[in-house]
Amino acid sequence: MKVENFVKIIGCDFFTGVPDSQLKALCDYLMDTYGIDPKHHIIAANEGNCAALAAGYHLATGMIPAVYMQNSGEGNIINPAASLLNDKVYAIPVVFIIGWRGEPGVHDEPQHIYQGEITVKLLEDMGIASFVIGKDTSENEAAEAMSGFKPLLEKGKDVAFIIRKGALTDSPKAEYKNANTMNREEIIRHIVKVSGEDPIISTTGKASRELFEIREANDQSHKYDFLTVGSMGHSSSIALGIAFNKPNRKIWCIDGDGAALMHMGAMALIGTNKPKNLVHIIINNGAHETVGGMPTAAADIDIIGIAKACGYTNAVSVDSFDMLDKELKKAKSLSELSLIEVKCSIGSRNDLGRPTTTTFDNKHSFMNYLKSL
């Protein structure tokens with residue numbers, strides 16, 4: 001189905017969401033049509049944030065908003081969907097558009113499998129009627145589904161379209177880039193060199209995939225790394241929990257700007273506790289690159305100012321490899337909490353692979369390594 005026609009069928013004038021690779025056609029269409037425009041399209045920090053933005057839009061206009069997300073974001077909307085939007089509370093109607101990763105019977109990565117199994121059930125449990133759109137779904141079928149949703153929306157209920165892989169097509173070609181010169185994979189290679197045998201916790205997406213391949217290329221063990229393949233935004237909290245319990249070992253967290261934004265409260269917790277052995281590295285390309293390159297708010301905010309306000313004692317921003325190496329070595333030698341923001345370009349290798357070990361292998365080898373420290 002052409003994405004433009006799908007948008008017309010929904011009939012919403014305001015969209016907010018967190019980008020998803022399954023919804024890349026929709027994301028590219030919205031960026032091409034509206035860009036980032038508070039009247040029509042906002043890319044939010046997390047899915048709960050989207051639900052609240054949608055609520056504000058409805059309260060101000062009386063119109064129905066659309067919220068898009070990967071199904072992994074369903075967990076983030078449970079609270080606002082149940083305690084704010086629900087028709088037993090404020091009865092705020094929202095059209096959810098959900099990319100179906102891990103659909104049963106369709107091969108996907110381990111972090112998507114269980115989420116895929118419970119995608120429809122979670123919506124059912126929240127009283128949200130849903131309709132699945134696949135490659136063979138006609139525009140008439142989608143229009144009929146939307147027509148059936150309208151009486152529900154008029155009663156203040158929420159509804160959802162679940163989008164299968166490849167269901168939305170014919171999006172405009174979109175190119176996302178910035179003026180930064182450092183490549184993320186090379187940045188991670190520099191981090192690996194300086195961190196040595198220190199444990200690394202890496203964020204979800206391409207950063208963990210690149211870290212895995214760097215270890216392979218270096219003929220190094222993967223026992224040093226915990227790859228946070230799902231649970232976007234929580235790598236720094238995982239690193240904090242490890243740092244508390246391994247106070248005599250330097251712990252490194254490789255984070256992304258989109259992930260750091262998603263649960264920025266983690267920075268306040270880290271800064272308040274000030275673990276002297278934690279190095280928090282935020283690789284900032286101002287983009288949700290793993291799912292297509294759509295922009296984040298991180299390109300326009302002062303991450304260093306935020307870190308210092310949260311209590312990080314050493315916080316710096318770098319935009320060259322000379323500066324990066326200097327600050328990595330400094331952070332390794334210091335006995336204080338450190339944050340390094342690394343300004344990064346958008347892009348990765350076309351042949352970038354995925355980890356060939358299982359998540360269980362990763363967990364056990366990493367835990368055994370921590371026990372030896």
Side-chain angles (χ1 to χ4, degrees), residues 1-70 73 76-77 80-81 84-86 89-99 128 133 142-143 146-147 149-150 152-161 163 168 170-178 257-258 261-262 264 286-289 291-302 346:
M1 183 184 308
K2 290 184 178 181
V3 64
E4 181 179 6
N5 294 337
F6 173 69
V7 170
K8 289 178 180 177
I9 288 168
I10 291 173
C12 295
D13 194 45
F14 177 76
F15 292 78
T16 181
V18 176
D20 170 39
S21 56
Q22 299 282 77
L23 301 177
K24 189 175 186 304
L26 175 66
C27 295
D28 287 347
Y29 173 83
L30 294 173
M31 285 301 298
D32 182 72
T33 304
Y34 302 119
I36 301 299
D37 177 355
K39 292 287 187 181
H40 298 288
H41 179 225
I42 294 290
I43 295 176
N46 63 56
E47 295 81 4
N49 183 193
C50 298
L53 272 169
Y57 169 83
H58 174 75
L59 292 171
T61 67
M63 298 174 68
I64 298 172
V67 169
Y68 62 87
M69 70 186 81
Q70 184 182 118
N76 283 335
I77 67 162
L84 173 68
L85 307 180
N86 188 270
V89 189
Y90 283 107
I92 296 175
V94 170
V95 177
F96 290 106
I97 305 168
I98 302 172
I128 298 175
I133 293 183
M146 189 64 206
S147 179
F149 284 160
K150 285 182 179 179
L152 299 174
L153 292 165
E154 289 172 359
K155 294 178 181 178
K157 291 182 177 290
D158 304 317
V159 301
F161 286 98
I163 311 299
L168 299 180
D170 295 88
S171 64
K173 290 184 179 179
E175 183 180 8
Y176 302 102
K177 58 184 178 180
N178 59 36
D257 57 294
L261 286 172
M262 182 164 279
M264 193 178 280
H288 286 288
E289 194 215 317
V291 293
M294 286 66 70
T296 73
D300 300 315
I301 65 174
D302 182 3
I346 298 173

Start with the C-alpha gap between Phe15 and Ile97, add the side-chain angles, then the distance that decides, and say whether side-chain contact (heavy atoms from CB on, under 4.5 Å) holds.
CA-CA 10 Å; Phe15 292 78; Ile97 305 168; 4.1 Å; yes
Starting from the C-alpha separation in whole Å, work towards a yes-or-no answer on side-chain contact (heavy atoms from CB on, under 4.5 Å) for Ile301 and Met264.
CA-CA 13 Å; Ile301 65 174; Met264 193 178 280; 4.1 Å; yes
Checking Met262 against Glu47 for the side-chain contact (heavy atoms from CB on, under 4.5 Å) test, could you report, in this order, the C-alpha distance in whole Å, the side-chain angles of both residues, the deciding distance, and whether it holds?
CA-CA 9 Å; Met262 182 164 279; Glu47 295 81 4; 4.0 Å; yes
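Taking every heavy atom of both residues into account, Gly293 and Ala287 meet most closely at O-CB, 3.6 Å. For the residue pair His288 and Pro295, the shortest heavy atom distance occurs at CD2-O, 3.9 Å. Contact detail for Ala44 and Asn49: the closest heavy-atom pair is CB-OD1, 3.5 Å. A pairwise comparison of heavy atoms in Ile133 and Ala142 identifies CD1-CB, 4.3 Å as the closest pair. Scanning all heavy atoms of the two residues, the minimum distance from Asn76 to Pro80 falls at O-CD, 3.7 Å. Contact between Ala55 and Ile92 at its shortest, heavy atoms only, is CB-CD1, 3.8 Å.
Between the side chains of Asp28 and Tyr176, a donor-acceptor pair is found at a separation under 3.5 Å. For the 3.5 Å distance criterion, the side chains of His41 and Tyr68 qualify, holding a donor opposite an acceptor.
Rounded to the nearest 0.5 Å, atoms OH (Tyr29) and CZ (Phe6) are 11.5 Å apart. The distance from atom CD1 of Ile98 to atom CD of Gln22, rounded to the nearest 0.5 Å, is 12.5 Å. Remark: Phe96 CZ to Cys50 SG distance equals 9.0 Å, nearest 0.5 Å. To the nearest 0.5 Å, atoms CG (Asp37) and CZ (Phe14) are separated by 9.0 Å. How far CD1 of Ile42 is from CG of Leu30: 11.5 Å, rounded to the nearest 0.5 Å. Taking CE from Met69 and CD1 from Ile163, the interatomic distance works out to 12.0 Å, rounded to the nearest 0.5 Å.
Counting only heavy atoms from C-beta outward, the side chains of His58 and Met63 never approach each other to under 4.5 Å. No side-chain heavy atom of Glu289 sits under 4.5 Å from any side-chain heavy atom of Met294. Two residues are said to be in side-chain contact when any heavy atoms from C-beta on lie closer than 4.5 Å; Val95 and Leu153 meet this criterion. Proximity of Val89 to Leu84: side-chain heavy atoms (C-beta onward) are nowhere separated by under 4.5 Å. Using a 4.5 Å cut-off on side-chain heavy atoms (C-beta onward), Val18 and Ile43 make no contact.
Counted within 6.0 Å of NZ on Lys157, heavy atoms from surrounding residues, nucleotides or ligands total 12 or fewer; the atom is thus considered open.
Remark: side-chain polar atoms of Asp170 are not paired, donor with acceptor, to backbone N or O of Lys2 under 3.5 angstrom. With hydrogens and angles ignored, the 3.5 Å screen pairs a side-chain donor or acceptor of His40 with a backbone N or O of Asp13. A distance-only check finds a donor-acceptor pair linking the side chain of Asp158 to the backbone of Val94 [under 3.5 Å].
A salt bridge is defined here as a Lys NZ or Arg NE, NH1 or NH2 lying under 4.0 Å from an Asp or Glu carboxylate O, and Glu4 with Lys8 meets this definition.
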